[in-house]
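Since the structure comes first, as structure tokens, the remarks are kept for the end.
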Amino acid sequence: TMLISNINSECGVLPGRITEVAMPHTNDETVALFTQLRGGQDLSDIPEYLRCPVIMDTGCGRSFATNKKMLKDIRSHRGMCTGANGRFATDCIGTLHLPINALPTTFVWKEPDVILHTTCSYVLLSPGRASKEMGLSLNLDSYSDVATCSLPNGVVIPLVNRNVLMLRPL
């Protein structure tokens, strides 16, 4: 059996290759990460409510949006949710309509019953749920900084592997 202390050398991982990724918590941190993911491009063509990172979170059972403008068919739904920062209350859900960078063109991610969580700095998408309901497949190669999601209609969604899978901004 392989000892845990030897796992990096046994797997060929270079020491120091894996780095901690700090997730944004303030508006300034969110905009800085979004700008970095966008390659430093000007943000003036992106509506302010869409200037947040979008994470494909395999540990997320239900997607959530950060702004009511991302949702259609909003309805009251009181409940408690548990996330990485603990429990939080939610009072509405809706159908997510989120334009995302995809190949061959921009794609609108439409998902019903998405939680509105306005205090979070980033949108979470649930690839497990999307796999079951939309036919989404996820491809993440070993030692890679990129990944992709694919839908049965041929849409390919490029992802950036920053130890969490993030969508490339519009």
Side-chain angles (χ1 to χ4, degrees), residues 21 23-25 27 29-31 33-38 41 43 45-141 144-170:
V21 175
M23 293 310 296
H25 294 286
N27 187 56
E29 291 171 341
T30 300
V31 171
L33 177 58
F34 185 83
T35 303
Q36 182 184 33
L37 288 168
R38 200 162 189 249
Q41 293 178 11
L43 301 181
D45 62 328
I46 303 292
E48 193 168 324
Y49 74 94
L50 293 176
R51 295 180 193 174
C52 63
V54 179
I55 298 173
M56 200 53 86
D57 186 352
T58 58
C60 174
R62 183 184 275 191
S63 300
F64 64 74
T66 58
N67 191 300
K68 281 188 176 184
K69 292 180 180 179
M70 296 175 181
L71 300 174
K72 298 198 187 297
D73 307 318
I74 297 173
R75 58 200 179 281
S76 179
H77 179 84
R78 295 194 182 275
M80 292 297 295
C81 301
T82 302
N85 289 330
R87 291 178 60 76
F88 64 91
T90 180
D91 61 0
C92 66
I93 60 175
T95 301
L96 182 66
H97 284 249
L98 184 68
I100 59 175
N101 188 6
L103 302 172
T105 185
T106 302
F107 173 76
V108 178
W109 183 280
K110 295 178 184 175
E111 182 179 346
D113 301 325
V114 170
I115 297 166
L116 178 62
H117 186 23
T118 58
T119 60
C120 191
S121 300
Y122 42 87
V123 173
L124 287 184
L125 298 180
S126 173
R129 181 178 180 200
S131 174
K132 289 181 175 185
E133 296 180 6
M134 297 167 48
L136 181 93
S137 64
L138 175 63
N139 181 40
L140 175 62
D141 291 332
S144 181
D145 292 332
V146 295
T148 58
C149 289
S150 302
L151 293 167
N153 63 1
V155 170
V156 176
I157 303 165
L159 305 170
V160 179
N161 183 359
R162 297 194 48 163
N163 299 345
V164 294
L165 298 176
M166 305 184 94
L167 278 69
R168 293 187 180 277
L170 293 172

Going through the distances and angles, do S76 and C92 end up as a side-chain contact (heavy atoms from CB on, under 4.5 Å)? CA-CA 4 Å; S76 179; C92 66; 5.6 Å; no
If you measure from CG on N101 to OG1 on T106, what distance do you get to the nearest 0.5 Å? 6.5 Å
Looking only at non-hydrogen atoms, find the nearest pair between P53 and S121 and report the distance. CD-O, 3.7 Å
Hey, are the side chains of R168 and V160 touching, using non-hydrogen atoms and a 4.5 Å cut-off? yes
Distance col, row L50:CG vs D45:CG, nearest 0.5 angstrom, shows 10.5 Å
Just wondering, do N153 and F107 contact through their side chains at under 4.5 Å, heavy atoms? yes
Given L37 and R162, is the side-chain contact (heavy atoms from CB on, under 4.5 Å) satisfied, shown in steps? CA-CA 10 Å; L37 288 168; R162 297 194 48 163; 3.9 Å; yes
What's the shortest heavy-atom distance between K110 and M134, and which atoms? O-SD, 4.1 Å
Just wondering, do T148 and I157 contact through their side chains at under 4.5 Å, heavy atoms? no
For a quick test of reading the model, state the closest non-hydrogen atom pair linking L165 to L138 and the distance between them. CD1-CD1, 4.0 Å
Can you find a pair of side-chain heavy atoms, one from V54 and one from M166, that are under 4.5 Å apart? no
For the residue pair P158 and A102, what are the closest heavy atoms and their distance? CD-CA, 4.0 Å
Taking the side chain as C-beta and beyond, is there a heavy-atom pair between H97 and L71 under 4.5 Å? no
Looking at every non-hydrogen atom in both residues, tell me the closest pair between T95 and P112 and how far apart they are. OG1-CA, 3.9 Å
Counting only pairs under 3.5 Å, give me each side-chain donor-acceptor contact of residues 55-66, with atom names and distances, residues two or more places apart or in other chains.
{"residue": "D57", "atom": "OD1", "partner": "G59", "partner atom": "N", "Å": "2.9"}
{"residue": "R62", "atom": "NE", "partner": "D113", "partner atom": "O", "Å": "3.4"}
{"residue": "S63", "atom": "OG", "partner": "E111", "partner atom": "OE1", "Å": "2.9"}
{"residue": "S63", "atom": "OG", "partner": "E111", "partner atom": "OE2", "Å": "3.1"}
{"residue": "S63", "atom": "OG", "partner": "S126", "partner atom": "N", "Å": "2.9"}

Less than 4.5 Å apart, side chain to side chain, heavy atoms only: is that true for K69 and E48? no
Check: D73 main-chain N/O paired with R75 side-chain donor or acceptor under 3.5 Å: yes
Take M70 and L116 through the test side-chain contact (heavy atoms from CB on, under 4.5 Å) and record every step on the way to the result. CA-CA 9 Å; M70 296 175 181; L116 178 62; over 6 Å; no
Can you find a pair of side-chain heavy atoms, one from L151 and one from V156, that are under 4.5 Å apart? no
Evaluate L136 against W109 for side-chain contact (heavy atoms from CB on, under 4.5 Å), listing each step before the verdict. CA-CA 11 Å; L136 181 93; W109 183 280; 4.2 Å; yes
L159 side chain near L167 side chain, heavy-atom distance below 4.5 Å: yes
Can you name the nearest heavy-atom pair linking L140 to N161, along with the distance? CD1-ND2, 3.7 Å
